Amino acid sequence: MCLIVAIAALWPILPGTNSLAFVPALSPFVAIASLLGTRTFHALTWLGLTVGVVTLVRHRFFCRWICPVGLCVDGVSRFGRRLGRRPMRVPLLGRWIVWLTIGGALVGYPFLLWLDPLAIFANVPFLVRQSSRLGIWLPATGFLAIIVLSIIWPRVWCERICPLGAFQDLLLLLRRSFHSIITVKGKIEKKSNVDSIIARRTVLGIAAGVASAWVAGPVRAKTSSPLRPPGARDESQFAGVCTRCGNCLRVCPSRIIDRDVGQNGWAKLFTPVLNFASDYCREDCIRCTEVCPSGALSRLSLEEKTGIQIGLPEVDMNVCLLGDDRECSVCKRWCPYGAIRYVFSETQYTLKPQIDPQKCTGCGACEAVCPTTPQKAIVVLPNPIH
Amino acid sequence: MNESMNRRDCLRMFGFSGLTAGLGVISTRQLFGQEVGESSGFQSSIIATHEVQSNRGGAVIIDGKVIQPRRELPILDKTDVLVVGGGPAGVVAAIAAKRAGVNVTLVERYGHFGGLWTGGLVLLVIGHIVKGGKQVCQGIGEEIMRRLDKLDGAIINRTAGNNPTVDAEAVKYVMVEMIEEAGVKVFLHCWGVDAVIDGNIVRGVVFESKSGRQAILADVVIDATGDGDIFAAAGATFEHRSHNVGLVSRIGNLDRVDKEKVSGQPKPKHLGSPTPVAGINWVNMHGPEVDGLDVATLTRMEMNHRKFIWNNMQKTRQIPGYEHVYLVETAPQLGVRITRVLDGLKTVTLEDLKAGTKFPDVVGVGGSEKGDHGEWQIPYGALVPVKTDNVLAAGRCICAELRMADLVRLIPNCFVTGHAAGVAGAVAVKDTCRPRDVDINKVRKILRQQEAYLG
């Protein structure tokens with residue numbers, strides 16, 4: 001079974017398929033945290049919820065039989081044991097990750113969602129496909145870190161740190177406490193002591209999550225907003241809800257989705273940003289919105305997408321060929337929405353591209369085709385945060 | 001002849017010796033005058049006295065309306081293929097048709113060939129390349145460029161993937177040379193004003209010139225007027241568009257700009273780009289978007305642009321370092337970009353360009369400004385009017401959608417459509433069929449023989 005999943009996961013290496021897009025969506029942790037965070041059902045939420053229900057019945061079934069990270073960790077842990085390494089005794093960090101994230105999700109910012117193992121794993125196949133860009137191979141080092149960690153301290157990831165594993169443990173505890181409420185009360189006194197500790201920690205963790213997400217809110221709002229794929233959630237939420245799984249990058253046919261590699265602050269590291277240097281957001285494509293496991297990109301229809309403005313282009317007339325009386329009409333010709341007009345200025349006695357903000361979607365076609373080098377004369381800039 | 005030569009030589013020698021001796025008795029102007037007027041030593045001579053203009057229009061006012069009566073027009077010429085307009089499209093069309101083996105007459109409203117390329121001083125040739133720098137403009141257009149290569153100071157930047165800049169006088173010269181070599185009959189200073197029609201069929205064209213109103217009859221007429229004057233007069237439907245109308249100029253002494261004074265300063269606008277002549281730049285102008293068919297508008301454009309160019313030059317000369325820069329000339333011809341566009345059997349569209357559509361009747365491949373697009377094919381149907389017969393469009397007025405206007409009008413693309421129209425016209429004459437019924441494979445075969453690139 002693991003093998004099948006692993007093969008399925010490696011499928012995208014073969015051209016023309018995108019089955020990997022569903023892997024991060026299998027995580028019930030991502031499904032529930034993003035459900036709480038965004039308060040909406042997304043296209044792929046059901047996948048995670050279904051897996052969640054299965055794990056309620058069969059505890060850690062997922063880790064043993066489906067999780068590709070679990071498979072790899074098992075393998076290298078065995079190797080680590082052979083080297084004589086022993087698991088490190090660390091507190092159950094995974095539970096704290098879950099509590100903090102759920103807490104954050106309650107105020108719309110599930111900030112440790114990116115630690116989900118499936119999201120981390122989803123970055124690996126990129127290494128095979130397009131490894132030249134920093135933003136492509138850097139996130140894959142997360143998986144490498146888990147592997148190294150598991151060699152040094154066998155199974156410490158799965159048992160102690162993995163939020164997905166911890167989430168399943170907590171689901172089990174939840175089920176048991178329900179049972180104890182339904183069945184005879186106080187029958188197992190020793191357990192209730194443990195339960196109360198867990199309950200206290202849960203409340204504490206969630207409260208900490210709420211508090212930190214709430215406190216950091218105004219700070220987040222102030223940071224600059226990069227260009228996001230269409231359907232992106234509000235910038236104040238985006239970096240929290242995004243799992244950094246890279247699904248959107250992978251399915252984008254024009255490969256305009258790049259990774260933030262720290263240009264917009266550490267909180268937004270590895271989130272998807274748009275780069276129109278060589279291509280643009282196609283008018284007939286909504287693929288990135290279809291594969292987002294957490295709803296950081298909400299699903300759009302083609303019609304809805306046309307109504308969304310990614311950003312607005314600005315023209316630097318010191319660079320634009322028209323400012324130098326040169327014949328150029330490339331951006332006007334390429335604009336899929338007919339949003340660019342060239343207007344003659346009586347004072348400058350030159351043409352200037354004018355963008356109709358009502359028609360412009362910020363798709364970046366103008367920027368992609370602008371012939372000036374090295375600097376493009378027309379550049380799409382993100383809309384100011386409301 | 002001998003006698004006059006002797007006299008001329010004599011005078012020249014006399015003039016020269018006179019000047020060197022410092023006598024200054026005979027001015028050079030007198031010398032020149034006698035040299036040209038070969039008759040009687042006067043500067044002019046009488047052809048006829050008290051002549052009554054025979055070829056008059058005879059317009060009269062009837063009930064306050066100006067009425068032009070019916071009258072017979074003298075037939076200036078009868079030919080197989082008549083090309084109206086001597087710009088890049090018309091010249092190539094005429095040479096192509098003549099080389100394909102039919103009689104060709106070319107008429108041009110100005111005194112030179114090249115149209116906006118020379119008369120409009122649009123010296124930068126853009127549009128011959130596609131993505132990757134491949135050159136798609138071949139055939140007679142490329143032959144013109146190769147001839148320019150051989151001339152001294154005729155063309156610069158003729159390297160792969162770059163857009164060359166030409167000297168307008170060199171182009172005018174090369175075109176005269178090629179037209180004469182091909183054996184095309186030419187009438188300059190002839191403005192095509194009307195079509196001679198027979199129902200839907202064009203039989204010739206009416207011209208206005210200093211010789212009055214005359215007609216040329218032809219089996220096929222190629223409308224390379226740019227404005228579609230002839231197909232419009234023949235009743236073919238078209239789209240009437242506005243575009244930017246500007247006036248190009250050339251400025252000089254840029255090699256005398258003081259580099260020390262201007263370093264660190266922002267470069268003034270409207271300084272243009274280099275030409276084959278050292279120190280001289282050509283300065284493009286877009287101008288406002290107007291109707292290029294409205295004579296009042298054209299007049300306003302000329303005058304406004306002229307004022308701007310002069311005043312802007314005075315401003316530039318105030319800038320330290322640019323004191324010696326001066327206005328060499330404004331273009332004789334106003335830069336009208338697009339006016340009428342034919343309603344053709346097929347339309348050149350941006351969608352086809354993006355999709356790289358291949359047409360079975362492709363007669364040429366178009367390029368883009370800086371190779372911004374891939375190859376886009378021009379179907380023969382884009383040159384053929386929907387209904388009207390015996391007339392083909394060539395140049396910027398071929399059937400293309402609005403978004404393609406800025407590609408179709410580029411000089412190399414006008415070469416390409418001109419080449420196609422010329423060959424198709426010749427084939428129609430030879431096979432005695434309507435241009436819309438020509439054997440397209442035959443046309444394509446001859447185009448290939450004439451080294452055109454068809455994808």
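Order of the sequence lines sets the chain letters (A, B, ...), proteins ahead of strands, with each chain counted from 1. Nothing here was measured: the structure is a model prediction, and the numbers come from that model.
Using cut-offs of 30° and 60° for the angle between ring planes, the B:His305 and A:Tyr349 rings count as perpendicular.
Around CD of B:Gln314, the count of heavy atoms belonging to other residues, nucleotides or ligands within 6.0 Å exceeds 12. The environment of NZ in B:Lys315 is sparse: at most 12 heavy-atom neighbours from other residues, nucleotides or ligands sit within 6.0 Å. The local environment of CD in A:Glu314 is sparse, with at most 12 non-hydrogen atoms from other residues, nucleotides or ligands closer than 6.0 Å.
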*Is there a side-chain contact (heavy atoms from CB on, under 4.5 Å) between B:His270 and A:Asp325 once you walk through the steps?*
CA-CA 7 Å; B:His270 311 298; A:Asp325 301 314; 2.8 Å; yes
*Can you check side-chain contact (heavy atoms from CB on, under 4.5 Å) on B:His373 and A:Val369, steps first, answer last?*
CA-CA 9 Å; B:His373 304 283; A:Val369 297; over 6 Å; no
*Between B:Leu410 and A:Glu327, does a side-chain contact (heavy atoms from CB on, under 4.5 Å) hold up when you go through it step by step?*
CA-CA 10 Å; B:Leu410 299 176; A:Glu327 292 290 314; 5.6 Å; no
*Dump the intermediate steps for side-chain contact (heavy atoms from CB on, under 4.5 Å) on A:Arg333 and B:Leu407, then the final yes or no.*
CA-CA 10 Å; A:Arg333 185 159 56 244; B:Leu407 287 183; 3.3 Å; yes
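Residue with the most contacts toward chain B among A:Val343, A:Leu322, A:Asp324, A:Asn318: A:Leu322 (heavy-atom pairs, distance under 4.5 Å). The candidate with the highest count of non-hydrogen atom pairs below 4.5 Å against chain A, out of B:Leu353, B:Ile126, B:Leu124, B:Asn244, is B:Asn244.
A side-chain contact (heavy atoms from CB on, under 4.5 Å) with A:Leu351 is found for exactly one of B:Met285, B:His286, B:Glu289, namely B:His286.
In terms of heavy-atom proximity, B:Pro288 sits nearest to A:Glu346 at CG-OE2, 4.4 Å.
Interface residue B:Val283: only side-chain heavy atoms are found under 4.5 Å from chain A. With a 4.5 Å cut-off on non-hydrogen atoms, B:Asn312 does not touch chain A at all.
Inter-residue side-chain proximity for A:Ser329 and B:Glu369 is flagged as met; some heavy-atom pair is nearer than 4.5 Å.
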